[in-house]
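Taking it in order: structure first as structure tokens, then the write-up.
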Amino acid sequence: MSNPHSTDLPRERPLFGIGAVAQITGIPEGTLRVWERRYHFPQTARTRGRHRLYSQDMVLQLLWVKMRLDQGMRAGQAIHACQQTERATAVATALHQPLPPSEMPDPQLVDTRAMLLDALLAYEGDRATAILDEAIARHALAAVVLDVVGPVMAAIGESWCHGNLEVATEHFATNVLRQQLLNWMQASPAPYDVRPVVLACAPEELHEGSLLMLSVLLRLARWPVVYLGQALPLMDLGALVDRIHPSLIVFVAMSEASALALAEWPRWLEARGEAQDAQPPITLPIIGYGGRAFIEKPDLARHVPGTLLGATIAEGYQRIHRVLLNLTALRQENGERTAGSG
């Protein structure tokens with residue numbers, strides 16, 4: 001196997017300073033410097049002032065190593081695995097490895113939920129926006145999405161389903177939260193230059209709140225997202241894959257009818273994967289799904305090909321994040337082998 005860090009291979013232009021890399025990966029600056037001295041990883045460029053610069057490739061490899069550390073692997077082992085190990089099977093492993101236990105939400109965010117719900121039910125959109133602005137000034141945006149917006153949206157949906165909330169109130173509250181999520185998504189940092197994730201509601205599915213939350217979380221992690229929203233016709237999948245070559249397509253289904261409609265997706269994609277003369281060869285995306293329908297009726301997953309990503313948005317995000325890191329690492333390794341063999 002060729003060394004993926006060989007200096008005779010082409011490299012992309014380094015863009016990230018060590019402070020930005022520490023913020024993106026969660027690896028302290030001191031640890032990055034120690035790894036570079038001890039393991040010669042990651043390899044960095046230098047500015048004229050001798051400041052370290054990291055490429056996107058290096059940042060993604062560091063994220064891959066951090067994921068392994070979070071799973072209990074020692075630093076030296078994780079770095080060696082990143083440099084030497086074949087990673088094809090890691091994609092499937094990422095979907096099925098146990099996830100770390102979820103942390104209890106900050107008590108302040110629990111209080112914020114109650115205030116936000118009260119503002120929305122009172123039709124006070126400006127107060128709701130101010131509550132969220134204050135929350136993200138004090139807490140990480142991902143925590144606000146998962147521990148405030150998610151539970152509030154779920155509470156509104158449950159009240160509406162049980163007839164305890166008027167349609168008008170549900171529409172108002174949902175639209176305020178939807179607009180806020182769209183704003184956060186659009187204000188996210190520039191994404192990595194990798195194949196995107198497609199996010200779509202299943203056929204006949206109009207409830208997109210959880211899909212929007214997932215989109216914000218992925219964009220905060222700098223993964224490119226193609227957001228399609230409500231009720232995607234499955235017949236459009238083939239043209240979509242041909243045009244943008246996504247890494248994953250993720251569906252959300254909240255009702256049993258929309259979940260069962262997803263069972264037909266292979267009909268629109270498998271013929272493309274079997275095409276022998278496609279140029280360039282077509283790599284079918286991983287298909288994942290989730291949503292309330294699969295939580296309330298787990299047996300539905302038996303009827304839908306693909307991978308059930310989890311029972312919560314947090315679980316789905318973590319699995320998608322792992323898969324994207326592994327797919328990116330595998331493509332980088334294959335590309336570097338091709339470059340080295342020439």
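Since we're looking at a predicted model, the values are computed, not measured. Numbers here simply count residues along the sequence, with the first being 1.
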task: Rounded to the nearest 0.5 Å, what's the gap from CG on D147 to CD on Q108? Could you check?
output: 12.5 Å
query: Does any N or O in the side chain of R178 come within less than 3.5 Å of the main-chain N or O of G209, such that one atom is a donor and the other an acceptor?
result: no
task: Would you check if L308 and L300 make a side-chain contact, meaning some heavy-atom pair closer than 4.5 Å?
output: no
query: How long is the span from the NE2 atom in H51 to the CD1 atom in I18, to the nearest 0.5 Å?
result: 11.0 Å
- prompt: Would you say M254 and L206 are hydrophobically clustered, going by side-chain heavy atoms of ILVMFWY under 4.5 Å?
  reply: no
message: Quick one, I287 and L262 - any side-chain contact, counting heavy atoms below 4.5 Å?
response: no
- request: Specify the closest pair of heavy atoms between A128 and L120, including all atoms of both residues, with the distance to one decimal.
  value: CB-CD2, 3.8 Å
- request: Check whether any side-chain heavy atom of L324 lies under 4.5 Å from a side-chain heavy atom of V194, and answer yes or no.
  value: no
message: Test side-chain contact (heavy atoms from CB on, under 4.5 Å) on L214 and I320; report intermediate values, then the result.
response: CA-CA 10 Å; L214 180 58; I320 294 168; 3.9 Å; yes
query: Rounded to the nearest 0.5 Å, what separation is found between the CD atom of E296 and the CD atom of E256?
result: 10.0 Å
- prompt: Among L181, V148, L117, L212, whose side-chain contact (heavy atoms from CB on, under 4.5 Å) with M153 holds?
  reply: L181
- prompt: Same cluster or not: are L182 and W223 linked, directly or through other Ile, Leu, Val, Met, Phe, Trp or Tyr residues, by side-chain heavy atoms under 4.5 angstrom apart?
  reply: yes
field: Residues I249, W265; criterion side-chain contact (heavy atoms from CB on, under 4.5 Å); working and verdict
entry: CA-CA 11 Å; I249 299 177; W265 73 255; over 6 Å; no
Test item: V216 and M213 side chains (from C-beta on) under 4.5 Å apart, heavy atoms: no
field: Side chains of E205 and S255 in contact at under 4.5 Å (non-hydrogen atoms)
entry: yes
query: Are more than 12 heavy atoms from other residues, nucleotides or ligands located less than 6.0 Å from atom CG of D126?
result: no
- prompt: Minimum heavy-atom separation for C201 to L211, with atom names?
  reply: N-CD2, 3.6 Å
task: Under the side-chain contact (heavy atoms from CB on, under 4.5 Å) rule, what do Y227 and E208 come out as? Steps first, then yes or no, please.
output: CA-CA 10 Å; Y227 186 82; E208 58 178 328; 2.6 Å; yes
message: If we ignore hydrogens and angles and just use 3.5 Å, is the side chain of S258 paired with the main-chain N or O of A253 as donor and acceptor?
response: no
- line: Tightest non-hydrogen contact, residues P246 and V241, listed as CD-CA, 3.9 Å
task: Quick one: sort the F294 and Y289 rings into parallel, tilted or perpendicular, breaks at 30° and 60°.
output: tilted
Value rounded to 0.5 Å, distance of OG1 in T47 from CZ in R50: 8.0 Å
- request: Count the heavy atoms of every other residue, nucleotide or ligand shown that sit under 6.0 Å from CZ of R46, and state whether that count exceeds 12.
  value: yes
- request: Report yes or no: does H162 contribute a side-chain atom to a donor-acceptor pair with the main-chain N or O of E158 at less than 3.5 Å?
  value: yes
query: Among the clusters formed by ILVMFWY side chains lying less than 4.5 Å apart, do L260 and M235 turn up in the same one?
result: yes
query: Any side-chain donor paired with an acceptor under 3.5 Å for N183 and Q179?
result: yes
Value rounded to 0.5 Å, distance of CE in M185 from CZ in R219: 8.5 Å
statement: In short, F251 meets L232 closest at the heavy-atom pair CE2-CD2, 4.0 Å
message: In the structure I gave you, are the side-chain heavy atoms of L217 and L146 within less than 4.5 Å of one another anywhere?
response: yes
message: Do L228 and D236 have side chains that approach each other closer than 4.5 Å (heavy atoms only, starting at C-beta)?
response: no
task: Would you name the heavy atoms of I244 and P196 that are closest together and state the gap between them?
output: O-CD, 3.8 Å
task: With rounding to the nearest 0.5 Å, note down the distance linking CG in L116 to CG in L121.
output: 9.0 Å
- request: Count the heavy atoms of every other residue, nucleotide or ligand shown that sit under 6.0 Å from CD of Q23, and state whether that count exceeds 12.
  value: no
query: How far apart are the closest heavy atoms of T169 and L165, and which atoms are they?
result: CG2-CD1, 3.8 Å
task: I would like to know whether I27 and W35 meet side-chain contact (heavy atoms from CB on, under 4.5 Å); could you show each step before the answer?
output: CA-CA 11 Å; I27 302 170; W35 286 357; 3.7 Å; yes
- prompt: Is there a side-chain contact between W184 and V149 (heavy atoms, below 4.5 Å)?
  reply: yes
- request: Flag yes if I313 and I295 sit in one hydrophobic cluster, no otherwise; membership is Ile, Leu, Val, Met, Phe, Trp, Tyr, and two members link when side-chain heavy atoms are under 4.5 Å apart.
  value: no
